[in-house]
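Before any comments, here is the structure.
Naming: A, B, ... by sequence-line order, numbering from 1 per chain.
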There are 2 protein chains.
Amino acid sequence: MMIEPNQPLPRTNSGSDLKTVLNKEGFRLTSQRQKILELFRDIALDHHLSAEEIHHQLVAQGEKISISTIYRALHVMVRLGLLQELELAEDRKYYELSTPFTSHHHHLVCVQCGAVQEFEEVSISDVGVGETQTRGFVLLNSQFTIYGVCPLCQSRLRS
Amino acid sequence: MMIEPNQPLPRTNSGSDLKTVLNKEGFRLTSQRQKILELFRDIALDHHLSAEEIHHQLVAQGEKISISTIYRALHVMVRLGLLQELELAEDRKYYELSTPFTSHHHHLVCVQCGAVQEFEEVSISDVGVGETQTRGFVLLNSQFTIYGVCPLCQSRLRS
DNA sequence: TGATTTATTGAAAATCATTATCACTATCAG
DNA sequence: CTGATAGTGATAATGATTTTCAATAAATCA
């Protein structure tokens, strides 16, 4: 970890391009960072990727980029509020585009097969907003994750 | 990972002692497992500990127990529904006693200093129950975690 | 525009929490 | 009480994430 240029900040996602957002915080626009963000913009809004997966995808499409760079870029983008970091069980972290919508979408994970389903629930985000306000916190992110066993795995286990 | 004896199960926390609960699933009662659970019962109900912290505490109070054993015991206890596994940011996992109450308590984490505050919110657990039911999942666990910056760190950053 | 400053990159080594291995011990069912 | 086998401890192995360091490339400014 390093991410020096500055201190954390509540959210910096409003109308401005990547370069502006980065420079504002002392970061620089690089082709690698553009590629990573483009990748996220090419897939479904609510789709999540791990560092490894991002690396695979980019290499597959001919880009020359190091896994270290992926990790560094992910940190920066989370810090800038461009991406959200997800703890979908397992051992690795996942990332998804941070839009006004994603803050209302949550995850249901099957601990057997690892399948992840998304679902919307505004009331949950509301709780997060309220809770941080009453305690004087600056809200950065919140996530509601449910762990369970999906129907398929249930029958698979019974057999 | 191994935890062989059986397949996952929804929750096994009802009225019976540790030995019974363990044996029912083919696990054995050992002094190490007792010590770990006692430790959790000695601290506040909503307090969470990492594997490392548990090991420290036990060694400090004179027990001779290996860190490997801690990890193995934690897996077993999560599997039996005795403990809940928490993803409180950072890189390590935390565990806390699983009571009828803890399922309604959630976490607010300061990403600066790492301080964690608990809060109750039944409506959130309800969403989890509803969501799993409509999708046919067996609910194992759910957690709502909010990440932000606490008041102290905010002023600390401003200065 | 060109020079200067310094963030960024890539590759490889280093971390560090968690897991697996293996020989030995202890629990539990019969 | 005894055999079958789960559990333990010590240590090696894993694997995701970080750090290091020399080389490169944005941003800034003259």
Side-chain angles (χ1 to χ4, degrees), chain A residues 1-6 17-37 48-56 58-59 63-80 83 85-95 114, chain B residues 1-6 16-37 48-56 58-59 62-80 83 85-95 114:
Chain A
M1 195 75 85
M2 15 130 281
I3 315 296
E4 319 131 13
N6 247 323
D17 64 332
L18 186 53
K19 180 169 194 305
T20 310
V21 172
L22 285 167
N23 291 349
K24 194 183 309 177
E25 297 295 321
F27 296 112
R28 293 175 181 176
L29 177 64
T30 66
S31 61
Q32 291 87 338
R33 288 174 181 173
Q34 288 187 74
K35 296 285 166 42
I36 293 174
L37 213 45
H48 42 265
L49 297 170
S50 67
E52 191 89 29
E53 287 167 352
I54 295 169
H55 189 229
H56 259 136
L58 291 180
V59 168
E63 303 300 337
K64 178 168 161 19
I65 187 171
S66 156
I67 185 74
S68 330
T69 300
I70 306 275
Y71 277 109
R72 281 182 292 230
L74 289 174
H75 286 312
V76 170
M77 292 175 178
V78 166
R79 168 125 151 42
L80 293 178
L83 296 180
E85 189 176 85
L86 306 176
E87 315 272 355
L88 302 179
E90 346 291 326
D91 42 0
R92 79 193 66 203
K93 289 176 183 157
Y94 287 85
Y95 298 84
Chain B
M1 194 76 83
M2 14 131 279
I3 314 298
E4 318 130 15
N6 247 325
S16 45
D17 62 332
L18 185 53
K19 180 169 194 303
T20 311
V21 173
L22 285 167
N23 293 348
K24 194 183 310 177
E25 295 295 322
F27 295 111
R28 294 176 180 175
L29 176 64
T30 66
S31 61
Q32 291 87 339
R33 288 173 180 173
Q34 288 187 73
K35 295 286 165 42
I36 294 173
L37 213 45
H48 42 266
L49 296 170
S50 68
E52 190 90 28
E53 287 168 351
I54 295 169
H55 189 230
H56 259 137
L58 291 179
V59 168
E63 303 301 338
K64 177 167 163 21
I65 187 171
S66 156
I67 185 74
S68 329
T69 300
I70 307 276
Y71 278 109
R72 281 182 293 230
L74 289 174
H75 286 311
V76 170
M77 292 175 180
V78 165
R79 168 122 151 44
L80 294 177
L83 297 179
E85 189 176 85
L86 307 176
E87 316 272 354
L88 302 178
E90 347 289 328
D91 42 359
R92 79 193 66 207
K93 289 176 184 157
Y94 286 85
Y95 298 85

OP1 or OP2 of [N] versus the side-chain N and O atoms of [X]: is any pair under 4.0 Å?
| X | N | result |
| --- | --- | --- |
| A:Asn23 | D:dA26 | no |
| B:Lys19 | C:dT27 | no |
| B:Lys64 | D:dA10 | yes |
| A:Gln32 | D:dA25 | no |
| A:Arg92 | D:dG15 | no |
| B:Arg72 | C:dT19 | no |

### Query
So what does A:Ile65 hit on the nucleic acid, given a heavy-atom distance under 4.0 Å: a base, only sugar-phosphate, or nothing?
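Contact class for A:Ile65: sugar-phosphate only.
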
### Sugar-phosphate only, base, or nothing, as touched by B:Thr30 at under 4.0 Å among non-hydrogen atoms
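Sugar-phosphate: the residue B:Thr30, judged by heavy atoms under 4.0 Å, touches backbone atoms but no base.
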
#### Entry: Minimum-distance pair of heavy atoms, taken over all atoms of A:Leu58 and A:Lys35
CD2-O, 4.0 Å

In this structure, how many angstroms lie between the [atom2] atom of [N] and the [atom1] atom of [X], rounded?
| X | N | atom1 | atom2 | value |
| --- | --- | --- | --- | --- |
| A:Glu52 | D:dT17 | CD | P | 8 Å |
| A:Ile36 | C:dT9 | CD1 | C1' | 11 Å |
| A:Leu58 | C:dG10 | CG | P | 11 Å |
| A:Glu53 | D:dA16 | CD | C1' | 13 Å |
| B:Lys24 | C:dC28 | NZ | P | 15 Å |
| B:Leu74 | C:dT18 | CG | C1' | 11 Å |
| B:His55 | C:dT18 | NE2 | C1' | 14 Å |
| A:Met77 | C:dT8 | CE | P | 11 Å |

From [options], pick the nucleotide closest to the side chain of [X]?
| X | options | result |
| --- | --- | --- |
| A:Thr69 | C:dA17, D:dA27, C:dG10 | C:dG10 |
| B:Arg28 | C:dG10, C:dA26, D:dA16 | C:dA26 |
| A:Tyr71 | D:dG7, D:dG9, D:dT18 | D:dT18 |
| A:His75 | D:dT5, D:dT18, C:dT9 | D:dT18 |

### Task
Name the residue closer to the 5' end of DNA chain D, choosing between B:Ile67 and B:Arg33 according to the nucleotide with the nearest heavy atom.
B:Arg33

### Query
Starting at the 5' end of DNA chain D and moving along, which residue's nearest nucleotide shows up first, A:Leu29 or B:Ala73?
B:Ala73

### Message
Between B:Ser31 and B:Ser68, which residue's closest nucleotide on DNA chain C lies nearer the 5′ terminus?
### Response
B:Ser68

### Side chain to side chain, B:Lys19 and B:Arg28, heavy atoms closer than 4.5 Å
no

### Query
Roughly how far, to the nearest 0.5 Å, is the CG atom of A:Leu37 from the CG atom of A:Leu22?
8.5 Å

### Message
Quick check for you: to the nearest 0.5 Å, what is the distance between A:Thr30 atom OG1 and A:Ile36 atom CD1?
### Response
7.5 Å

### Query
With sequence neighbours excluded, what pairs up with B:Ser68 under the side-chain hydrogen bond (donor to acceptor under 3.5 Å, both in side chains) test?
B:Ser66

### Task
Applying side-chain hydrogen bond (donor to acceptor under 3.5 Å, both in side chains), run through B:Thr20 and B:Asp17 and close with a yes or a no.
CA-CA 6 Å; B:Thr20 311; B:Asp17 62 332; 2.3 Å; yes

